[in-house]
Protein chains: 2
Amino acid sequence: MSDGSSTVTSINSLTFEDLGSAAQRDRRKRILDATIALASKGGFDAVQMRAVAERADVALGTLYRYFPSKVHLLVSALAREFEQANVALDRKPVPGDTAADRVMYVLGRNTRALQRDPNLTEALTRAFMFADASVANEIHTVGMHVTRMLMRAMYDAATPTEEIEPTDEDIAIAKVIGDVWLASLVQWVTGRASAADVGKSIDVAVRLLLRD
Amino acid sequence: MSDGSSTVTSINSLTFEDLGSAAQRDRRKRILDATIALASKGGFDAVQMRAVAERADVALGTLYRYFPSKVHLLVSALAREFEQANVALDRKPVPGDTAADRVMYVLGRNTRALQRDPNLTEALTRAFMFADASVANEIHTVGMHVTRMLMRAMYDAATPTEEIEPTDEDIAIAKVIGDVWLASLVQWVTGRASAADVGKSIDVAVRLLLRD
DNA sequence: TCTGCGACTGAAACGTGTTTCGAAATGGTG
DNA sequence: CACCATTTCGAAACACGTTTCAGTCGCAGA
């Protein structure tokens with residue numbers, strides 16, 4: 001049972017790898033697509049489980065079998081978005097001469113992408129923030145994507161991703177930068193900070209944390 | 001109408017100052033006390049509006065007249081807690097020779113206080129994180145208390161609180177430190193980080209942001 | 001082809017946040 | 001004290017996340 005390949009106990013969301021048949025993978029995809037579509041249209045409140053199920057053309061019970069709660073669902077959607085962003089990022093080396101430049105570039109790029117769809121960002125961010133311990137796995141996946149993104153930016157483009165061996169200090173710095181980024185986004189999402197404020201916070205954090 | 005003294009439109013929580021009679025102030029206090037007690041016993045989920053109303057000995061409708069949502073209620077409770085912490089802090093000058101030392105002292109002290117009551121902290125933190133734009137006022141109050149606390153720590157104890165004139169840079173730094181602190185607490189509350197991790201994040205942030 | 005088992009469906013039911021509303025209580029004013 | 005406005009109460013109703021369950025479907029193995 002330690003390999004997780006047998007019966008999946010419904011504590012976690014079903015991941016792409018958990019799903020055996022093409023039909024199931026397609027169901028999962030339809031559910032996440034419906035989630036993104038509804039979130040994009042009306043934010044967190046518009047992502048209603050009955051609406052998601054209907055739009056994805058699955059029964060409510062099935063939706064809950066794939067994602068045990070609304071928060072699991074939204075955080076899983078966030079993970080998929082980040083995964084896609086990371087794939088896109090992998091295509092080219094990150095531009096910039098210093099670690100600070102490259103980190104700013106990556107965060108700026110992602111921030112702008114998020115700000116282009118405020119409702120979606122609101123839904124995903126609030127779910128992420130509201131998640132409790134039961135969502136640890138999904139949260140961890142998101143965290144991995146963010147860390148990976150920052151590490152790729154902090155290290156020189158010449159270093160292959162697999163060979164990056166970050167120091168503890170680097171990890172701690174990346175964690176702090178990630179925290180600041182997320183906190184800024186939360187504030188932007190709730191109207192407590194402008195887009196410019198988000199940029200400024202990140203700028204301060206990166207500049208001070210990554211001075212060469 | 002600009003002075004807010006006439007009929008209160010129920011967009012915001014009723015503040016202490018909004019309330020005319022002693023009976024009303026007492027009701028408000030009973031509600032917040034009940035909130036804290038329930039949160040302390042069982043965390044966010046245990047703060048059920050019907051339970052709060054019953055324990056505070058008010059009708060459900062009255063509870064909603066004082067605090068228009070569960071999140072308003074919890075964030076208002078958080079604001080009161082911070083206010084009390086600030087009052088306590090004002091009694092003595094903050095010890096420490098450098099700004100970094102003093103900030104670490106203040107954050108450490110508050111962090112330990114929060115960690116002594118994990119359920120309460122979970123309830124308040126999650127509400128704060130989940131708050132949307134309609135809670136802007138209450139959130140802002142909390143932000144003021146945190147900023148004030150950090151400013152008092154960053155400036156030398158000799159400077160009277162009223163005369164502190166922080167630079168933009170100082171404000172930006174305080175904001176980043178506050179963000180990191182909050183993000184760390186969120187992670188601790190959701191079991192994603194240990195108490196030591198919280199200390200470490202704050203340490204990294206303060207050390208790097210406030211080096212002299 | 002038949003059988004059995006897990007997955008999916010459809011619908012109802014439950015819990016808790018939130019709203020609503022008529023009646024009773026309260027408090028200030030003439 | 002009588003009157004009016006506002007507040008509070010009590011209780012029901014509603015909305016949406018979540019659970020439950022009996023029936024149906026799809027498919028792997030005999």
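Note that this is a predicted model, so its numbers are computed, not measured. Residue numbers begin at 1 in each chain, while the letters A, B, ... track the order of the sequences.
- The side chain of R27(A) lies closest to dC8(C), out of dT9(C), dT18(C), dC8(C).
- Considering only side-chain N and O atoms, Q24(B) lies nowhere under 4.0 angstrom from the phosphate OP1 or OP2 of dT26(C).
- Take the nearest nucleotide of DNA chain C for A23(B) and for M49(B): the residue whose nucleotide is more 5' is M49(B).
- The side chain of Y66(A) has dC8(C) as its nearest neighbour among dC8(C), dT8(D), dG17(C).
- Using a 4.0 Å cut-off between charged nitrogen and carboxylate oxygen, R80(B) and D33(B) count as a salt-bridge pair.
- Out of dC8(C), dT18(C), dA12(C), the shortest distance to the side chain of L60(A) is found at dA12(C).
- Considering only side-chain N and O atoms, Y64(A) lies nowhere under 4.0 angstrom from the phosphate OP1 or OP2 of dT20(D).
- Rounded to whole Å, the distance from CZ on F67(A) to P on dT18(D) is 13 Å.
- With rounding to whole Å, F44(A) atom CZ is found 11 Å from dC16(D) atom C1'.
- Within 4.0 Å of V47(B), counting heavy atoms only, lie sugar-phosphate atoms of the nucleic acid but no base atom.
- Protein atom CD of E54(A) is 14 Å distant from nucleotide atom P of dG17(D), rounded to whole Å.
- Between the NZ atom of K70(A) and the P atom of dT16(C) there is a distance of 18 Å, given to the nearest Å.
- Computed from coordinates, the L14(B) CG to dT7(D) C1' distance equals 11 Å when rounded to whole Å.
- To the nearest angstrom, P of dG17(C) lies 11 Å from CG of L38(B).
- Interatomic distance, CZ of R207(B) versus CD of E169(A), reported as 5.0 Å (0.5 Å rounding).
- Taking the side chain as every heavy atom from C-beta outward, H72(A) and S134(A) approach each other to under 4.5 Å.
- Between F130(A) and F130(B), the ring planes are tilted. Angles from 30° to 60° get that label.
- One interatomic measurement links the two molecules: CZ of R50(A) to P of dG17(D), which rounds to 7 Å at whole-angstrom precision.
- Residue S69(A) places its side chain closer to dT18(D) than to any other of dG10(C), dT18(C), dT18(D).
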Steps toward salt bridge (Lys or Arg N to Asp or Glu O under 4.0 Å) verdict (E54(B), R50(B)): CA-CA 6 Å; E54(B) 186 174 0; R50(B) 290 172 177 86; over 6 Å; no
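- Distance Q48(B) CD to dG15(C) P: 11 Å, rounded to the nearest Å.
- In this structure, D57(A) reaches the sugar-phosphate backbone alone: every heavy-atom distance under 4.0 Å involves primed, P, OP1 or OP2 atoms, never a base.
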